[in-house]
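A quick write-up on the structure given underneath.
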Amino acid sequence: MAIPDLRTVADSLRQRIPDLPADLARLVRSIPSGQVVTYGDLAKELGDTVASRWVATYLLQPEGPLADFSHRVVRSTGEVGLFHNGNVTEKAQLLLGEGTLVQNGRVDLNRFRWQLPAGIKPLVSLKSWQKDFPLPDEKRFQLDRLQSIGGLDVSYKEDTAVAVCSCFGSDGKQLKQHFVQTMPVNFPYISGYLAFRELPVYLELLVQMQANDQLPDVLLVDGNGKLHPRRMGIATMLGALVGIPTIGIAKNQLCGTILCEHLNVGQWEPIVASKNDADNVLGYTILPHAKTKNPLYVSVGFGVLEEAMQSIVDRCFAGHRSPEPIYHADRESRRIASTL
DNA sequence: GCGACAG
DNA sequence: ATCTTGTCGC
């Protein structure tokens, strides 16, 4: 696959990403006085209950934009729950003032629960996009012609993302140069949907690198590839969008089952879909060195076979937990974000 | 109460 | 990811 014009790719991707905070705001404002919904009701209406945590933290922000409405959102047990200003008594008083009975700190959901109207569920659309994500023909990856390895990571200063791509030689240890891209972010972090938060800034970064004719031969991405509930983590989506081989490198396990009971340093151990589906290898876990007891979770993104993936990642280990290109991108993006 | 979810 | 004081170890 030839590398497409990334300006076009970046623009069309951004158009397909929903405005989740606006969708949540519309739902919360639609709750009538005298009625309540739960955090999970809102998440379900957005399309995935996994978004419950984001819904709760968003509504509980101290100076949040929905402060005038969020008292109508309670826990699934009926408990009134926390309030954005820390004053749980005020939340109960506001509910009582609207005619919503609060007894022993709880609302009777059978009586006061508002049925949110069924609408377009943005997270359902994103899930089906991931499930059917178009995977172009993979360029035959030549390990012996590998010249540059890029490491990608993002840090944040409030709602500004700072993405860095650190370019290393094929030895995986020598830094050649690095590129930086900053962009405001709107899409929240929701487990399983990381790509929709971080792809826009990555693509803008790669647009810049393409203009300088400095795109690496392979990209190590902070996050997962195939090791994902829908087998479509950020590394896979990014690789398929830009036509560059990618590898996903995560510091925490998102899904899957590790069959072996003990990890030996430097040894690649498979992560399978489940005990019942033990032939379905989604990725690998590896302990980079004896100093850390925390392993990494590595999976194929796009356009790389597992053998080449292991060879590339192995040569990038040099005393840190993360492969050097990712380690450098992480440190540099964090440093720049802290100056904003 | 338990499980628990990349960044 | 970020927030955040002290603390442990090389």
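Residue numbers start from 1 in every chain, and the chains themselves are labelled A, B, ... in the order their sequence lines are given, proteins ahead of strands. Below, each value reflects all heavy atoms present in this structure, side chains not excepted, and no hydrogens, waters or symmetry copies.
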Rounded to the nearest Å, what distance is computed from the [atom1] atom of residue [X] to the [atom2] atom of nucleotide [N]?
X	N	atom1	atom2	result
A:Q253	B:dA4	CD	P	10 Å
A:N186	C:dA1	CG	C1'	16 Å
A:I271	B:dA6	CD1	P	13 Å
A:R331	B:dG7	CZ	P	19 Å
A:D159	C:dT2	CG	C1'	12 Å
A:L152	B:dA6	CG	C1'	15 Å

Taking the side chain as every heavy atom from C-beta outward, state whether A:Q115 and A:D41 have any atom pair closer than 4.5 Å.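 They are not in contact (no side-chain heavy atoms under 4.5 Å apart), so the answer is no.
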Cation-pi geometry met for A:R14 and A:F187 (6.0 Å, 45°): no
Would you give the length of the straight line joining atom NE2 of A:H262 to atom CD of A:E269, rounded to the nearest 0.5 angstrom?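 Between A:H262 NE2 and A:E269 CD, I get 9.5 Å after rounding to 0.5 Å.
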Tell me, which stems hold DNA chain B, with a stem being 3 or more Watson-Crick or G-U pairs in a row and both distances under 3.5 Å?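 In DNA chain B, stems of three or more pairs: none.
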Around A:R230, counting heavy atoms of other residues, nucleotides and ligands shown, do more than 12 lie under 6.0 Å from its CZ?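 Yes.
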Knowing that exactly one of A:L199, A:L206, A:T236 qualifies, which makes a side-chain contact (heavy atoms from CB on, under 4.5 Å) with A:L241?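 When side-chain contact (heavy atoms from CB on, under 4.5 Å) is applied between A:L241 and each of A:L199, A:L206, A:T236, only A:L199 qualifies.
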Identify which one of A:V102, A:L101, A:V37 satisfies the side-chain contact (heavy atoms from CB on, under 4.5 Å) criterion when paired with A:F112. A:L101
Flag the pair A:W129 / A:F196 as yes when their ring centroid distance falls below 6.0 Å, and as no otherwise.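 Yes, ring centres under 6.0 Å apart.
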Have A:D153 and A:Y327 got a donor and an acceptor in their side chains that come within less than 3.5 Å?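 The answer is no; no qualifying pair exists.
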Taking only side-chain nitrogens and oxygens of A:Y189, does any of them come within less than 4.0 Å of OP1 or OP2 of B:dA6? yes
In which stems does DNA chain C show up, taking only runs of three or more Watson-Crick or G-U wobble pairs whose two distances fall under 3.5 Å?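 Looking at DNA chain C, no stem of three or more consecutive pairs is formed.
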